[in-house]
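Being a predicted model, the structure only gives us computed values, none of them experimental.
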Amino acid sequence: MDPLYTLSGFVVGGIVGLTGVGGGSLMTPLLVLLFGIHPATAVGTDLLYAAITKAGGTVVHAKKGHVNWRITGLLAAGSIPASILTIWALSYLPKQSPAVTHIISVSLGVALLLTACAIIFRQKLQRYALSHADDSAHTEFQAPITVVTGILLGILVTISSVGAGALGVAVLFFLYPKLPALRIVGSDLAHAVPLTLIAGIGHWFIGSVDWALLGSLLLGSLPGIWLGSHASSRVPDRILRPILAAMLVLVGGKLISL
């Protein structure tokens, strides 16, 4: 195991604990840009990494009653089939080909830019949605829009490993503005576990998972998440999130231009 991978896992885990932003937004770009890991391998490995790290959080939220299983089911109804179909399509492309590298790099860059927007504008979106929460159009189309959101997340997460966290939460805040924040986060987290697990297993079948790398990342990230979570109350959120969003914009732009 490379100690630099373990250190990277620790740093990313700490940031996730501090901000709550999904590790894929940070880990996959780090593996691609800093360590030169092939984008397909970085995505596949990070998906299984996410499934394992998010599973513990889901158990905690579920025990506390923070998961709305109807919302989780609606998201999964769209995302799981979309993920399977995306893996099927990727399996017909040569893993190391320039076309696959370009598709994954651009998708990852776009996902990071969308995640940055979700971080910056989440509160404004939530306020707007809350002011229109009782509109008939808003309530009538909640369920089908949630399924469509799942489809889009399934495709995006399977290709880039990014989107199940900040993007999913932002959309749910918009669709269900009266739902408590903890239930939004818990429902999104519960949905992310089967999605990242199935997408990760799919990448494993097509040869895009590095198990030694996965072990190194987990070794560092688990204590990092624990320390970051305990320190989160001491670091102002209004400072952390704009810095994180700016970093994601820069990295996203870099990946798109590769």
Side-chain angles (χ1 to χ4, degrees), residues 12 21-54 75-119 147-171 188-189 191-210 213-214 217 248-249 251-258:
V12 170
V21 173
S25 305
L26 306 167
M27 186 64 76
T28 306
L30 185 69
L31 293 175
V32 173
L33 295 176
L34 186 61
F35 294 109
I37 303 292
H38 189 276
T41 302
V43 168
T45 304
D46 184 65
L47 283 166
L48 288 179
Y49 163 82
I52 294 169
T53 54
K54 290 174 186 290
L75 287 170
S79 68
I80 301 303
S83 177
I84 293 171
L85 288 173
T86 304
I87 286 291
W88 175 77
L90 289 174
S91 69
Y92 281 91
L93 298 173
K95 191 182 72 169
Q96 302 291 337
S97 71
V100 172
T101 301
H102 181 70
I103 290 170
I104 294 178
S105 295
V106 171
S107 300
L108 181 55
V110 171
L112 292 177
L113 295 179
L114 291 173
T115 299
C117 291
I119 292 171
V147 175
V148 171
T149 299
I151 293 172
L152 296 176
L153 287 176
I155 296 170
L156 192 60
V157 169
T158 304
I159 295 177
S160 70
S161 80
V162 177
L167 278 179
V169 167
V171 174
D188 180 73
L189 193 62
H191 162 250
V193 173
L195 171 57
T196 53
L197 180 61
I198 288 172
I201 291 173
H203 275 274
W204 175 32
F205 279 129
I206 62 177
S208 302
V209 173
D210 185 326
L213 172 60
L214 175 61
L217 296 177
L248 293 179
V249 169
V251 175
K254 174 68 175 176
L255 285 164
I256 290 173
S257 64
L258 284 179

For the CD1 atom of Ile84 and the CD1 atom of Ile198, what is their distance to the nearest 0.5 Å? 5.5 Å
With side chain to side chain contact (heavy atoms under 4.5 Å, CB included) as the criterion, how do Leu156 and Leu167 come out once you've worked through the C-alpha distance, each side chain's angles and the decisive distance to 0.1 Å? CA-CA 10 Å; Leu156 192 60; Leu167 278 179; 3.7 Å; yes
Check whether any side-chain N or O of Ser107 sits under 3.5 Å from a backbone N or O of Ile104 as a donor-acceptor pair, and report yes or no. no
With sequence neighbours excluded, tell me which residues meet side-chain contact (heavy atoms from CB on, under 4.5 Å) with Leu189. Lys54, Thr58, His61
Is the side chain of Asp46 donor-acceptor paired with the backbone N or O of Tyr49 at a distance under 3.5 Å, no angle test? no
Quick one: closest heavy-atom pair of Pro81 and Ala76, and the distance? CD-O, 3.6 Å
How would you list, by chain and number, every residue that makes a side-chain contact (heavy atoms from CB on, under 4.5 Å) with Val171, sequence neighbours excluded? Thr149, Leu175
Check Ile103 against Leu93 and note the closest heavy-atom contact, atom names and distance. CD1-CD1, 4.3 Å
Is the shortest heavy-atom distance from the side chain of Leu108 to the side chain of Pro39 under 4.5 Å? no
Separation between CG (Leu197) and CH2 (Trp204), nearest 0.5 Å, reads 10.5 Å
Report the residues that fulfil side chain to side chain donor-acceptor pair (under 3.5 Å) with Ser83, sequence neighbours left out, ordered by chain and then residue number. Thr158
Side chain to side chain contact (heavy atoms under 4.5 Å, CB included) for Thr196 and Leu48? Distances and angles first, verdict last. CA-CA 6 Å; Thr196 53; Leu48 288 179; over 6 Å; no
Quick one: side-chain contact (heavy atoms from CB on, under 4.5 Å) partners of Leu113, sequence neighbours excluded? Val249, Ile256
CA sep, side-chain torsions, deciding dist, call: Ile159, Val43, side chain to side chain contact (heavy atoms under 4.5 Å, CB included): CA-CA 7 Å; Ile159 295 177; Val43 168; over 6 Å; no
Sequence neighbours excluded, which residues qualify as side-chain contact (heavy atoms from CB on, under 4.5 Å) partners of Ala42? Thr28, Leu31, Val32, Ile37
Donor-acceptor pair, distance only, cut-off 3.5 Å: does the side chain of Thr45 make one with the backbone of Thr41? yes
Is a donor on one side and an acceptor on the other found under 3.5 Å between the side chain of Thr115 and the backbone of Ala111? yes
All ring pair (Phe, Tyr, Trp, His ring centres under 6.0 Å) counterparts of Phe205, not counting sequence neighbours: none
After noting the C-alpha distance and the side-chain angles of His203 and Leu90, does the key distance pass the side chain to side chain contact (heavy atoms under 4.5 Å, CB included) rule? CA-CA 9 Å; His203 275 274; Leu90 289 174; 4.1 Å; yes
Specify the closest pair of heavy atoms between Ile155 and Ala82, including all atoms of both residues, with the distance to one decimal. CG1-CB, 4.0 Å
Side chain proximity check, Leu30 to Val12, heavy atoms < 4.5 angstrom: yes
